[in-house]
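Written out below as structure tokens is the structure these notes cover.
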Amino acid sequence: MLADIRPKPEELARASRSSLGLEPADLVITNASVVDVWRGEIIDRVNIAVKGRIITCVGRCERSRGIYTREIDARGKTLAPGFIDAHTHIESTLLRPAEFSKAVLSRGTTTVFADPHEIANVAGLAGVEYMARELSGSPLKVFLLIPPNVPASLRSPDRGGAVIGYDEILGNVDRFSGVGEIMDTGSLLDGDSVFLEYSSRLAMRQIVQGHAAGLSGEDLDAYISLGISNDHEVTSWEELSERLSKGMIPIVRYGSSWRDLERLYRAIDRFPHIVPIATDDIHCLHIAREGHMDRAVRRAIELGVDPVKAIASATIAPAILYGLHRWLGSIAPGRYADLVLISDLEKVSVEEVYVDGTLVAREYKYLGPEDPIALSEPIIANSIKAPQHLRISLDLPKGCEEVVVRAVRPIHGTTLTREERVRLECSAKNIGEGLVYISVVNRYGSGHSYTGVGVDIPIEGAIASSIAHDSHNIIAVGSSLEDVTSAIKAVIELGGGIVFTHRSKVEASVELRIAGLMSTKSYYEVASELGGLFRTLREHGAEDPEGLLQEIQLLSLTVIPEIRITDRGLYRVLERRIVDLVVGVE
Ligand SMILES: [Fe+2]
């Protein structure tokens, strides 16, 4: 699926003839300072010739020019290969795939490796097929990967809208350009033989994306032994160093929340051909304000990495990792003419973007073909099947005066949570100081819902979201049951989205009608809605609205310790069991 990017033999033969001067080039870019990612240097004042989609010459290129050859003078500018995102989830941008491709192309990203794990949890392979359909008309080179663990863990009770069986994945894997992240490390550590055989069979067929969060020593060896060659869950130098010495490629993230590059940028300086940068999860407001892979390269340079090395890690390193360096990732003969013209190298100011030798963006404005594909209605209409009559309340014993309950405390700045015991007055109308209600409502028609208690989630009012990893039920966190209820109702009415309510009034919202994950609106409209939500949250006292939203959306993720809230109850991750809310009654 969107798999084979290899050029046709006749294209290569024509390119070769053009190099020999037997056919004129279609395009010659003159006087450019070219980023040579192979040798790690800039070659000043050279010409680049392009025939069809292919670069045919880097040098003087005198034999390439004909009377119909178009010339572009790049004097004083730097020409870099198109940026490659080694690992991303398109859904996290909140943009539909067609808008995503325009947004990232306008920033110089010409290739992405996309794991549609989120939509697969909502809509199964039908959701993945929808992503492929929308992307098929775009000049962006997309390697769409089949998500191997849907749900993330078969051992937890959490279920989204789809379960994709191992047989179904194995039956479809060859239609895709690779395999997404293998994240069911619980099954690995249990030595589950079905899981081990399944994962290794996938790795024999395609390159698998790793997700070895927290693994080290022999546990990491066991993961690598399955045939998994890379890992983007690397957060410390020790983890990076261990993976490198074991021949596993660490991918360094610079997204919206995961900014491992801040700590690991020295790896780019030392191993620019080996260590790729990736966004993993980045929302559209960041892309609009700061950029995509250009933002990551810029940040690496700001941290002190040599610009050529920073560009290498965003171009040739991912191409080598996926075995595509013959076609992608450098400005050299035989490669696709995917090029970024940069006016200020230190600032990575993207002036023009070319894909296959054709201009697709200028000054951050997309100029390529418009998406001819209409939105797929079933994917939109089926996204929310929540109960009509909501009853959101804490389930406390009848006649009690005071209870001790298990509460969920997020560990800020991480994805972890801790269990904490707190006292509640049974008859009190409002929850105690410093506490909030957390509700999860199934949105796939099962009728399940559950309400628990959270600690240290500072919010006045309520936030509800149909993005709630990984099952993407509706999650809501708020200071009153009225606000929680009204926020959930507003998400249902929107047909999916993120809503903030205060005193039961909707103060801000982001529409996400496509599978409850992505917006039907344009790139700039979605970025503006998200900006409005963060601004409103800030006005209501949230110091870090982005971090707050992210924390809320991760409260139901049952693969990361310690305690999570699902539509079926409180779940302790390491014991893999549902536990009671109330632990003491007075
Ligand atoms: Fe990921």
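The shown structure was predicted, so the numbers you read here are calculated from the model rather than taken from an experiment. Start at 1 and go down the list; that is how both ligands and their atoms are numbered.
For Glu99, the side chain to side chain donor-acceptor pair (under 3.5 Å) partners at least two apart in sequence or on another chain are Lys102. Partners of Phe83 by ring pair (Phe, Tyr, Trp, His ring centres under 6.0 Å), not counting sequence neighbours: none found.
Using the six-membered ring where Trp is involved, Phe113 and Phe143 have ring planes that are parallel, under 30° apart on the 30 and 60° scheme.
Within His89, the N, O or S atom lying nearest to the Fe ion (ligand 1) carries the name NE2. Between the Fe ion (ligand 1) and the N, O or S atoms of Asp280, the shortest distance is to OD1.
Contact check for Arg253 versus Thr235: side-chain heavy atoms found under the 4.5 Å cut-off.
Of the angles at the Fe ion (ligand 1), the one spanning OE1 of Glu181 and NE2 of His87 is 70° when given to 10°.
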